[in-house]
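This report refers to the structure that appears directly beneath it.
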Amino acid sequence: MKKLLCSVGILAVLASCKSDDDTTMVNQNINYSKLPQEFPFSKLTTINGVDVINGGFGSGAAAHPTRNGEFYVITDRGPNTDFQNGKKFLTPNFTPTIMHFKINDDGNVEVIKYIKLKNPSGQPITGLPNPVGMGSTGEVAYDASGNVLGTDQYGLDSESIVAAADGTFWVSDEYGPHIVHYSADGMEMERISPIGVNTGPRKLPAVLAKRRANRGMEGLCMSPDGRTLVGTMQSMMYVPSKALATNKTLTRIVTFDTVTGQTKQFLYKQEGGASDSVCDITALSNNEFLVIERDGNFGSQGGIKKVYRINLSNATDVNGADITDVDGMKVNGKALEQCSWDEITNAGIKAVTKTLAVDLVAKLGYEHDKFEGIVYLGNNKLAVFNDDDFGVVDDGNGNPKAKILPKTGKVDKGTMYVVDIQ
């Protein structure tokens, strides 16, 4: 199925999905022959002679629920660099934004509109960190000159997007981590966060608040029955603490029933380690999904950019008896992140099953480091997207420098590809 062919309301299912045969048929009419193709960009600002582009579209991606060949891609919190105990926000007033585009009759990318995310009062939000108690990661925000900035109660480090048939959006992020429901014009309708985070009444398990800074809920999709949101945590969480979390290949998948508010959690075994990432997720059925696994290297420098088919059918729900427990379910008195895979298996816990669907480096010679968005097109074809970091990276001193692809010598830009998968 396409990533988001279904719609849910806050308390009820609003629509059902097309069949995979329908998805395959309609996508055969779209001309993808001119891909890969870069998105169009303007310049946000120039800092110390370095251009920061108005990019970032590709942190997450979704198909339009009814119009073939139309897509949505979303930015993260905006251009930033590492600095002291936080981040320099190079354009502090940047608003996380959804780009709606289509592949036109000529086979080219054509932007339809931009949708800026807004708070419940309709004011544009920023990507600045949340205050303490509202989803803070402990990061301090600075401007490009190193001056301390404030926080934003409704700020979002958006990473993935679900497009519903009623025109609304669900977005996951790396602060809370939050799942936020936005109206068709981008206004916040509901914010779902871990227990202990002072947002809306519906909650995720408390343990998810122990995500690492900048490694929260990286992926989000909707099950084809239109009822359940499925989110992926990017990497091993610090449960019970950074010092004691030792299973560096263990991360979690969380589901949220949009009708009842009930949650489940499942374990996912990464091929890499704590520095690698499980990114976007897209549904094939109510139990089968495609997920991204990647490292932080460029493709020509040994980068790992893979997509796996996973199945939740026989996996064990590790929510535990008490979702208010900040360390979650335990095995022999230890948090799951403290346990080896042998200990977990001996306790009768099964992780999700997985098989390789495609290796983008081997298949395409894929060069981008941050492969972060996928949309299933049917007929074993997958659209893939990258986060270009607004064309800049950290120079090691908290200042931006151009983000250059080693293989081409060009600045990295958000690009759409289509690839065949197994």
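These numbers come from the heavy atoms of this one structure, side chains and all, not from hydrogens, waters or symmetry mates.
A distance-only check finds a donor-acceptor pair linking the side chain of T97 to the backbone of T95 [under 3.5 Å]. Of the possible donor and acceptor atoms, none in the side chain of D280 sits under 3.5 Å from a partner among the backbone N and O of S160. Although no hydrogens or angles enter the test, the distance criterion places no donor-acceptor pair under 3.5 Å between the side chain of E288 and the main chain of S285. Remark: the backbone N or O of T228 is paired with a side-chain donor or acceptor of S223 at under 3.5 angstrom. Although no hydrogens or angles enter the test, the distance criterion places no donor-acceptor pair under 3.5 Å between the side chain of S183 and the main chain of T168. Judged by distance alone, with hydrogens and angles left aside, the side-chain atoms of R212 form no donor-acceptor pair with the main-chain N or O of K242 at under 3.5 Å. In this structure a side-chain-to-backbone donor-acceptor pair under 3.5 Å is present from T126 to L128. Within the 3.5 Å criterion, the main-chain N or O of T75 finds a donor-acceptor partner in the side chain of S158. For T91 (side chain) and N93 (main-chain N/O), no donor-acceptor pair under 3.5 Å exists by modelled atom type. In this structure a side-chain-to-backbone donor-acceptor pair under 3.5 Å is present from E367 to S300.
By the ring-ring contact (aromatic ring centres under 6.0 Å, His included) test, Y72 is found to be paired with H64, H100, F169, residues two or more places apart in sequence or in another chain being considered. Residues that satisfy the salt bridge (charged side-chain N to carboxylate O under 4.0 Å, His left out) test with D420, not counting sequence neighbours, are K381. In this structure Y175 satisfies the ring-ring contact (aromatic ring centres under 6.0 Å, His included) test with no other residue, sequence neighbours excluded. For T324, the side chain to side chain donor-acceptor pair (under 3.5 Å) partners two or more places apart in sequence, or in a different chain, are D322. For N130, the side chain to side chain donor-acceptor pair (under 3.5 Å) test picks out H178, with sequence neighbours left out. Residues satisfying the salt bridge (charged side-chain N to carboxylate O under 4.0 Å, His left out) criterion with K413, sequence neighbours excluded, are absent altogether. Scanning for side chain to side chain donor-acceptor pair (under 3.5 Å) contacts around E38 gives an empty result, with sequence neighbours left out. Listed by chain and number, the residues in a salt bridge (charged side-chain N to carboxylate O under 4.0 Å, His left out) with K43 are D51 (sequence neighbours excluded). Among residues two or more places apart in sequence or in another chain, the salt bridge (charged side-chain N to carboxylate O under 4.0 Å, His left out) test is passed with D395 by none.
Ring centroids of F89 and Y142 are separated by 6.0 Å or more, keeping the two rings apart.
Surrounding CG of N147 are more than 12 heavy atoms belonging to other residues, nucleotides or ligands, all under 6.0 Å away.
Each of L44, N80, L90 was scored for a side chain to side chain contact (heavy atoms under 4.5 Å, CB included) with F390, with one residue passing: L44. Applying the ring-ring contact (aromatic ring centres under 6.0 Å, His included) test between Y417 and each of Y366, Y32, F385 identifies Y366 as the sole match. Considering D394, N399, T81, D143 as possible partners of K88, the one that fulfils the side-chain hydrogen bond (donor to acceptor under 3.5 Å, both in side chains) test is N399. Under the salt bridge (charged side-chain N to carboxylate O under 4.0 Å, His left out) rule, K305 has a single partner from D369, D295, D276, which is D295.
Sorted by first and then second residue, the ring pair (Phe, Tyr, Trp, His ring centres under 6.0 Å) pairs involving residues 37-58 (not counting sequence neighbours) are F39-F101, F57-Y114. Evaluation of the salt bridge (Lys or Arg N to Asp or Glu O under 4.0 Å) test over residues 250-265, restricted to residues two or more places apart or in two chains, returns R227-D257, R252-E337.
Salt bridge absent: E188 and K118 never bring a charged side-chain N and a carboxylate O closer than 4.0 Å. Salt bridge status for D327 with K210: present, with a side-chain N to carboxylate O gap under 4.0 Å.
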For residues 352-364, which side-chain N or O atoms pair as donor and acceptor with protein atoms under 3.5 Å away, sequence neighbours left out?
residue: K354; atom: NZ; partner: Y268; partner atom: OH; Å: 3.4
residue: K354; atom: NZ; partner: K269; partner atom: O; Å: 2.9
residue: K354; atom: NZ; partner: E271; partner atom: OE2; Å: 3.0
residue: K354; atom: NZ; partner: E293; partner atom: OE2; Å: 2.4
residue: D359; atom: OD1; partner: V361; partner atom: N; Å: 3.1
residue: D359; atom: OD1; partner: A362; partner atom: N; Å: 3.2

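Between N214 and K87 the shortest heavy-atom distance is ND2-NZ, 4.3 Å. Minimum heavy-atom separation, P65 to A164: CG-O, 3.4 Å. Heavy atoms only, all atoms of each residue included: V50 and V392 are closest at CG1-CG1, 3.8 Å. Pairing each heavy atom of I344 with each of N247, the nearest pair is CD1-ND2, 4.1 Å. Smallest separation of non-hydrogen atoms from P40 and V109: CD-CG1, 4.2 Å. The two residues F83 and G146 have their closest heavy-atom pair at CE2-CA, 4.0 Å.
Separating the CZ atom in F266 from the CG atom in N314 is a distance of 10.5 Å, to the nearest 0.5 Å. Between atom CE of residue M222 and atom CG of residue N286 there is a gap of 11.0 Å, rounded to the nearest 0.5 Å. To the nearest 0.5 angstrom, T137 atom OG1 is 8.5 Å from D157 atom CG.
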- Task: Give the intermediate values and the outcome of side chain to side chain contact (heavy atoms under 4.5 Å, CB included) for residues V239 and L336.
- Result: CA-CA 8 Å; V239 188; L336 297 175; over 6 Å; no
- Task: Any chance you could lay out the side chain to side chain donor-acceptor pair (under 3.5 Å) test for S277 and Q234, step after step, and finish with the verdict?
- Result: CA-CA 5 Å; S277 301; Q234 182 172 346; 2.8 Å; yes
- Query: Passes side chain to side chain donor-acceptor pair (under 3.5 Å), N319 versus Q265? Steps please.
  - Reply: CA-CA 5 Å; N319 231 18; Q265 294 181 71; 2.8 Å; yes
- Item | CA sep, side-chain torsions, deciding dist, call: R77, E139, salt bridge (Lys or Arg N to Asp or Glu O under 4.0 Å) | CA-CA 13 Å; R77 57 184 166 178; E139 294 172 297; 3.1 Å; yes
- Message: I'd like to know whether K403 forms a salt bridge (Lys or Arg N to Asp or Glu O under 4.0 Å) with D388, so could you lay out the CA-CA distance, the side-chain angles of the two residues, the decisive distance to 0.1 Å, and finally the verdict.
- Response: CA-CA 8 Å; K403 183 181 181 182; D388 58 25; over 6 Å; no
- Output, in order, the C-alpha distance, side-chain angles, deciding distance and verdict of side chain to side chain contact (heavy atoms under 4.5 Å, CB included) for I161 and W170. CA-CA 6 Å; I161 180 171; W170 295 91; over 6 Å; no
- After noting the C-alpha distance and the side-chain angles of E174 and R211, does the key distance pass the salt bridge (Lys or Arg N to Asp or Glu O under 4.0 Å) rule? CA-CA 8 Å; E174 297 202 289; R211 81 286 176 249; over 6 Å; no
- Item | Verdict with reasoning, K370 to D412, per salt bridge (Lys or Arg N to Asp or Glu O under 4.0 Å) | CA-CA 10 Å; K370 290 190 174 180; D412 190 15; over 6 Å; no
